> 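Please see the structure below; I have some questions.
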Protein chains: 2
Amino acid sequence: MTADWEERLREHGFRITPQRQLVLEAVEALRHGTPEEILVEVQRTASGVNLSTIYRTLEVLEDVGLVTHAHIGHGAPTYHAVDEHVHIHLVCDRCRAVQSIPAGVAASFVAALRDDYGFRTDISHVSVHGHCRDCEEAPRHHEADDPL
Amino acid sequence: MTADWEERLREHGFRITPQRQLVLEAVEALRHGTPEEILVEVQRTASGVNLSTIYRTLEVLEDVGLVTHAHIGHGAPTYHAVDEHVHIHLVCDRCRAVQSIPAGVAASFVAALRDDYGFRTDISHVSVHGHCRDCEEAPRHHEADDPL
DNA sequence: CTAGCCCTGCGAACACCTTGCAGCTACGAC
DNA sequence: GTCGTAGCTGCAAGGTGTTCGCAGGGCTAG
């Protein structure tokens, strides 16, 4: 039996390799993962895998539509599998917390962008910045001096 | 006569320096500028200014509320003066074009986030990714192989 | 004018990502 | 099964964007 992801890679002329399988499994296991985190997860099984392989593999997997990425902070992007529910990231700029909410909340906004500007929005790629409930209620005037 | 920006800095205990003035003027002149672009603009007047000073100055100016930044691509953030009209960036992932639209378009979305999730959205900090009208109408299957 | 501390320039360091290359391996052809 | 080749990987070096430590200099209060 041939798994769906193998099919997907072959369709696009890519080969099936242990590394590609491991990266895909890592992404699914982590739900949200930076390339670095994915590397660590993959290395639990295969310690020899290199970071550059992670990057190249993620690019391939994204190309064939098995994973997507979103820019949450300003640094590392986070990857997740496509069969997850489509969601939007709410990023608190004060405490760095990330909250996921259903994409439906933005439906009318997305529709307005499409109708008024002809812009097709990739809503899962968006990250919304602001302040979460907790930080808003406790308005101390210093932002996240805890280095994460 | 004391300019408004000087007042603003003093209020927060910061000093007035030529570098801070030049950076602020550069941001206002460029309307959208990365730190690197701001450096170039500043160096047209004062060639000795260093990049690290740009970063530190932008941090100070943002702290006192004279400039803000938004993450447009995945790389350099762009800074702009706060007296600009609040706007949202529409980023086309295919042709890299950036379009600015009035923040009002997202009003109901922002309201929903506030009411349903207690999240206070900094809408000008958001960048929305997707495909612009032109790229959507000409669906060629290669993305921006022109290296910008 | 003077003293003190903030601010700046400089260089090194850091984080994140990409690239060139040599060897290995998946996979179609036989 | 085995062979050949092109695609893939590991490694190390390099690139870009950003931060930090330090020593000297300039802004400001007194």
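Each chain gets a letter, A, B and so on, in the order its sequence line appears, and its residues count up from 1. Note that this is a predicted model, so its numbers are computed, not measured.
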> Measure CZ/Arg20(B) against P/dC6(C) and give the value in whole Å, please.
11 Å
> With the side chain of Tyr55(A) defined as its heavy atoms from C-beta on, choose the nearest nucleotide among dC16(C), dT9(D), dC27(D).
dC16(C)
> If we count only N and O atoms by modelled type, under 3.5 Å, do the side chains of Glu62(A) and His69(A) hold a donor and an acceptor together?
yes
> Write down the atom of Ala106(B), the atom of Ile123(B), and the distance for their closest heavy-atom approach.
CB-CD1, 3.9 Å
> Please report the distance, rounded to the nearest Å, between CD in Glu6(B) and C1' in dC27(D).
12 Å
> Determine whether a donor-acceptor pair (one donor, one acceptor, N or O, separation below 3.5 Å) exists between the side chain of Arg15(B) and the base of dC5(C).
yes
> Would you tell me if any nitrogen or oxygen in the side chain of Thr53(B) comes within less than 4.0 Å of OP1 or OP2 on dC7(C)?
no
> Under 4.0 Å between a side-chain N or O of Asn50(B) and OP1 or OP2 of dT8(C)?
no
> Salt bridge check, Glu7(A) against Arg10(A): does any charged N sit closer than 4.0 Å to a carboxylate O?
no
> Is any N or O donor-acceptor pair between the side chain of Ser52(B) and the base of dC10(C) shorter than 3.5 Å?
yes
> If I take atom CG from residue Asn50(A) and atom CG from residue Leu39(A), how far apart are they, to the nearest 0.5 angstrom?
7.5 Å
> Select one nucleotide: of dA26(C), dC17(C), dG17(D), the one nearest the side-chain heavy atoms of Pro18(A).
dA26(C)
> Consider only side-chain N and O atoms of His71(B) and His129(A), and report whether a donor and an acceptor are under 3.5 Å apart.
no
> Ile38(A) has an atom CD1; how far is it from atom C1' of dC16(C), in whole Å?
14 Å
> Would you say the side chain of Arg56(A) and the base of dG7(D) hold a donor-acceptor pair, judged only by whether the two atoms sit under 3.5 Å apart?
no
> Let me know the distance between CD of Glu59(A) and C1' of dT9(D), rounded to the nearest Å.
15 Å
> What is the distance from CD1 of Ile54(B) to P of dT18(D), rounded to the nearest Å?
12 Å
> Across the strands shown, which category fits Leu51(B) at heavy-atom distances under 4.0 angstrom: base, sugar-phosphate, nothing?
base
> Between dT18(D) atom C1' and Leu58(B) atom CG, what is the distance in whole Å?
12 Å
> Of the nucleotides dC27(D), dT28(D), dG9(C), which has the atom closest to the Arg10(B) side chain?
dT28(D)
> Counting just side-chain N and O atoms, does Gln19(B) come under 4.0 Å of either OP1 or OP2 of dG9(C)?
yes
> Report the distance from atom CD1 of Ile16(A) to atom P of dG28(C), rounded to the nearest whole Å.
10 Å
> Rounded to the nearest Å, what distance is computed from the CG atom of residue Leu22(A) to the C1' atom of nucleotide dG10(D)?
15 Å
